[in-house]
Amino acid sequence: MSGNKIRRPRPRLARGFRDVSGEDLTARWSMISIVRRVYERYGFIPLETPTVEFADMLGKFIQETGLPTEGIFSFKADQPDWLALRYDLTAPLSRYVAMHRDLPKPFRRYQVGSVFRVEKPGPGRFREFTQFDIDTVGSASMAADAEICCVLCDAFDALGLEGRYVVRVGNRRVLNGVLEAAGVDTKDGGGLVATRVMRCIDKLERLGLSGIEQLLSQGRMDGSGDFTEGAALSDEQARVVIDYLKSQRETRMACCDAQEAIVSGSEEGRRGVNELREIDEFLTAAGYDETKIIFDPTIVRGLTYYTGPVYEASLRDESGKFTSSIAGGGRYDDLIERFTGQKVPATGASIGVDRLLEVLKGADREPERVSARVLVTQMDKTYAKDYVAITAELRRAGIPSELYLGKGNIGKQFKYADDRGIPVAIIAGEDEFAEGLVSVKNLALGKVVSQEVKERSEWLKREETQVTVAREEMLMKVREILKAQHNE
RNA sequence: GCUGGCGUAGCUCAGAAUGGCUAGAGCACCUGACUGUGGAUCAGGAGGUCUCGGGUUCAAGUCCCGACGCCAGUACCA
């Protein structure tokens, strides 16, 4: 009668976070293991770093205040310094390399794990998501960059995406050269203009060339009346950038020629083009042509720390249009220097596991069932130990099996199996045990039969879904049924 | 962050422009008919602070204000 209600917490999830179902998890694991085998084929070895790092290890803190920047999950626990959830796997890798100076280089490692960002969640966009990274640290060779592109291709091929993706390669040096050639002061304001230009090019796919033109100069008003500040380039300067963006050609070589014509006045630009030429040669030598890897001046990537080649893998639809981006990366020669003061060149890429999984899900494969193959029912509790023994026997034979642990009659037990997609049930009661027999029921077949039957009496008569065999023959019979189903 | 739309059972939604009895339906779920057999059928059952908080009113799911959440666009994305 008391009016005092127990205050129960409502079950809920923090914004941008989610549970992952058994089906999705098995799909993820199988994808990861396929990709992992490809990475290992290239000699990359696994590494795991913690989810939590000091905020300044991630390079994400405001110099003056010492506070972590927004965009990352940060907190103080029992220590005076700010901690943060990692927002990518590259910064922790840099920290790791800087902590282990004796690592033989070049060091190739792969790593898969969750990263966290405080961003606005959207469809397929979460605040915790999985990245699968591959990096080569300590090599300045363009062969390392070429290799990253190749390994991405191999991974996508192994996942059955051959022909549906393309790895696009751009170069930050070339872009800088373009700005230099256009007479934009790239050094001013710590490269702020360059960053702005990059960010706006990054939006090309969504806004189109005309939107980019506006963003490069004064700015752009969007549908909702919101105004985005532009990069304040002059018309001629914007012209040069636009020309560069249009410098894509049929072949990687022709693309290099076109870009070179634009940046010829800039040493940095020429150097960038030469890097691309080298990459092209390595790719060709390795046997990766333009159906897999192309040069694309519109690829710049938003991150500021890239110093040279940048990559992005995109899917394309039938018409050849790029749809979703499934991996990205680039060269970051200055990142480790931050810790050690020594230049350690590095390059790598990151596969967006969740996004890729969405694509694979929509494509071919049907979800894998993760349920047991056999349910051992409990007809009569007095035989409980026998049911345990039967289940153990099946498991020892390598057949995923489950002992029914709930309550309820046999009908309910079949329903349980049916709901979970368990195709076989073992039934044994007084009748069977008296003669050393067990009944093996083919539930999957029964499901088919049930479609054709309307009357219950008739349904119960259909005995072909169940056979009673000697206990010793149980394994054989179960295997037979499972095999028959597998072949269908 | 900004703009707009939405928020009623586990799910999909009625009810609301005009406040008024115990807030409904379908699906899903549970129990039984059916004794040792899933489906179908039938009978029954459970499930709601109408997102939350305040206000107006004799009376609020309905009207007003605010917060939060979700969706779309836009910005940010190191």
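Reminder, nothing fancy here: chain letters follow the sequence lines and each chain counts from 1.
Here the C1' atom of nucleotide B:A78 and the CG atom of A:L58 are 10 Å apart, to the nearest Å. Atom pair A:L13:CG and B:C70:P shows a separation of 10 Å (rounding to whole Å applied). Rounded to whole Å, the distance from CG on A:L215 to C1' on B:U74 is 12 Å. Taking atom CZ on A:R196 and atom P on B:A78, their separation rounds to 15 Å, with Å as the unit. For the pair A:F126 CZ and B:C71 P, the computed distance is 9 Å after rounding to whole Å. The nearest whole Å value for the distance from the CZ atom in A:R125 to the C1' atom in B:U74 is 13 Å. In this structure, CD of A:E53 is placed 15 Å from C1' of B:A78, rounded to the nearest angstrom.
With both pairing distances under 3.5 Å, B:U57 is matched to nothing as a Watson-Crick or G-U wobble pair. Nucleotide B:U49 forms a pair with no other nucleotide shown, judged by Watson-Crick or G-U wobble geometry with both contacts under 3.5 Å. Base pairing annotation: B:G1 forms a Watson-Crick or G-U wobble pair with B:U74, both donor-acceptor distances under 3.5 Å. Across every strand in view, B:A17 sits unpaired, with no contact that passes the Watson-Crick or G-U test at under 3.5 angstrom. Nucleotide B:G26 forms a Watson-Crick or G-U wobble pair with B:C11, both donor-acceptor distances falling under 3.5 Å. For B:U62, there is no paired nucleotide, since no Watson-Crick or G-U wobble pair has both relevant distances below 3.5 Å. Across all strands shown, B:C6 pairs with B:G69; the Watson-Crick or G-U wobble distances both stay below 3.5 Å. Partner assigned to B:G39 is none, using Watson-Crick or G-U wobble distances below 3.5 angstrom.
Taking A:V112 as the reference, A:I32, A:T130, A:F132 meet the side chain to side chain contact (heavy atoms under 4.5 Å, CB included) condition, with sequence neighbours excluded.
Of the charged side-chain nitrogens involved, at least one lies within less than 4.0 Å of a carboxylate oxygen, so that A:K343 and A:D334 count as a salt-bridged pair. Contact check on A:K483 versus A:E480 returns no salt bridge, with no Lys/Arg side-chain nitrogen under 4.0 Å from an Asp/Glu carboxylate oxygen. A salt bridge links A:R28 to A:D354: at least one charged side-chain nitrogen sits closer than 4.0 Å to a carboxylate oxygen. A salt bridge does not link A:R471 to A:D386: none of the charged side-chain nitrogens sits closer than 4.0 Å to a carboxylate oxygen.
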| request: For the pair A:S350 and A:D133, evaluate side chain to side chain donor-acceptor pair (under 3.5 Å) and give the outcome as yes or no after the intermediate values. | output: CA-CA 4 Å; A:S350 178; A:D133 277 37; 2.7 Å; yes
Measure all distances between protein nitrogen or oxygen atoms and nitrogen or oxygen atoms of nucleotides 27-34 of chain B, and list the pairs falling under 3.5 Å.
residue : atom : partner : partner atom : Å
B:U31   : OP1  : A:K412  : NZ           : 3.1
B:C34   : O2   : A:R456  : NE           : 3.2
B:C34   : O2   : A:R456  : NH2          : 2.8
B:C34   : N3   : A:R456  : NE           : 3.4

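Nucleotides B:U51 and B:G61 are separated by 10 Å at their P atoms, to the nearest Å. Taking the P atoms as reference points, B:U57 lies 16 Å from B:G19, given to the whole Å. Remark: the separation of the C1' atoms in B:C27 and B:A9 is 12 Å, to the nearest Å. Here the separation of B:U41 from B:G5, taken at their P atoms, is 43 Å to the nearest Å. The C1' atoms of B:C63 and B:U18 are separated by 12 Å, rounded to the nearest whole Å. Taking atom C1' in both B:U49 and B:G54, the straight-line distance is 15 Å, to the nearest Å. Here, B:A28 and B:C52 have their C1' atoms 28 Å apart, quoted to the whole Å. Taking the P atom of each, B:G7 and B:A16 are spaced 14 Å apart, rounded to whole Å.
Between A:A14 and A:R199, the one whose closest nucleotide on RNA chain B sits nearer the 5' end is A:A14. The residue among A:G429 and A:E455 whose nearest nucleotide of RNA chain B is located toward the 5' end is A:G429.
Using a 30° and 60° split on the angle between ring planes, A:Y96 and A:H100 fall in the tilted class, from 30° to 60°. Note on ring orientation: taking the six-membered ring where Trp is involved, the planes of A:F433 and A:Y387 are tilted (angle from 30° to 60°).
A:N442 comes within contact range of at least one nucleobase, with a heavy-atom separation under 4.0 Å. Within 4.0 Å (heavy atoms only), A:D431 reaches at least one base atom of the nucleic acid. Within the nucleic acid shown, A:G411 comes within 4.0 Å of sugar-phosphate atoms alone, with no base atom in reach, counting heavy atoms only. Using a 4.0 Å heavy-atom cutoff across all strands shown, A:V118 reaches no nucleic acid atom at all. Using a 4.0 Å heavy-atom criterion, one finds that A:R127 contacts no nucleic acid atom at all. Residue A:Q451 is classed as having no contact, given no heavy-atom separation below 4.0 Å to the nucleic acid. Within 4.0 Å of A:E452, counting heavy atoms only, lies no atom of the nucleic acid at all.
Just one residue in the list A:T49, A:T136, A:D135 forms a side chain to side chain donor-acceptor pair (under 3.5 Å) with A:R109, and that residue is A:D135.
Each of B:G39, B:C77, B:G36 was ranked by its minimum atom distance to the side chain of A:E119; first place goes to B:C77. Among the nucleotides B:C76, B:G69, B:U74, the one closest to the side chain of A:K120 is B:U74. Of all nucleotides listed (B:G38, B:A78, B:G39), B:A78 comes nearest to the side chain of A:I72. Of the candidate nucleotides B:C70, B:A78, B:C77, B:C70 has the atom lying nearest to any side-chain atom of A:R15. Comparing B:A78, B:G38, B:G36 by their closest approach to the side chain of A:Q466 singles out B:G36. Distance from the side chain of A:R117 is smallest for B:A78 among the nucleotides B:G36, B:A78, B:G38.
Within residues 298-312 of chain A, the residues that place at least one heavy atom under 4.0 Å from RNA chain B are, in residue-number order, A:G302, A:L303, A:T304.
The cationic group of A:R420 lies under 6.0 Å from the six-membered ring centre of A:Y416 and within 45° of the ring axis, placing it in a cation-pi geometry.
Annotation for A:V166 and A:R168: closest pair CG1-CG, 3.4 Å, computed over non-hydrogen atoms.
Taking the six-membered ring for Trp, A:F73 and A:F17 have ring centres closer than 6.0 Å.
At the phosphate of B:C76, OP1 or OP2 sits under 4.0 Å from a side-chain N or O atom of A:K203.
Residues A:L209 and A:L204 are in side-chain contact: their nearest non-hydrogen atoms beyond the backbone lie under 4.5 Å apart.
Taking 90° from 0 as the syn/anti boundary, the base of B:A17 is oriented syn.
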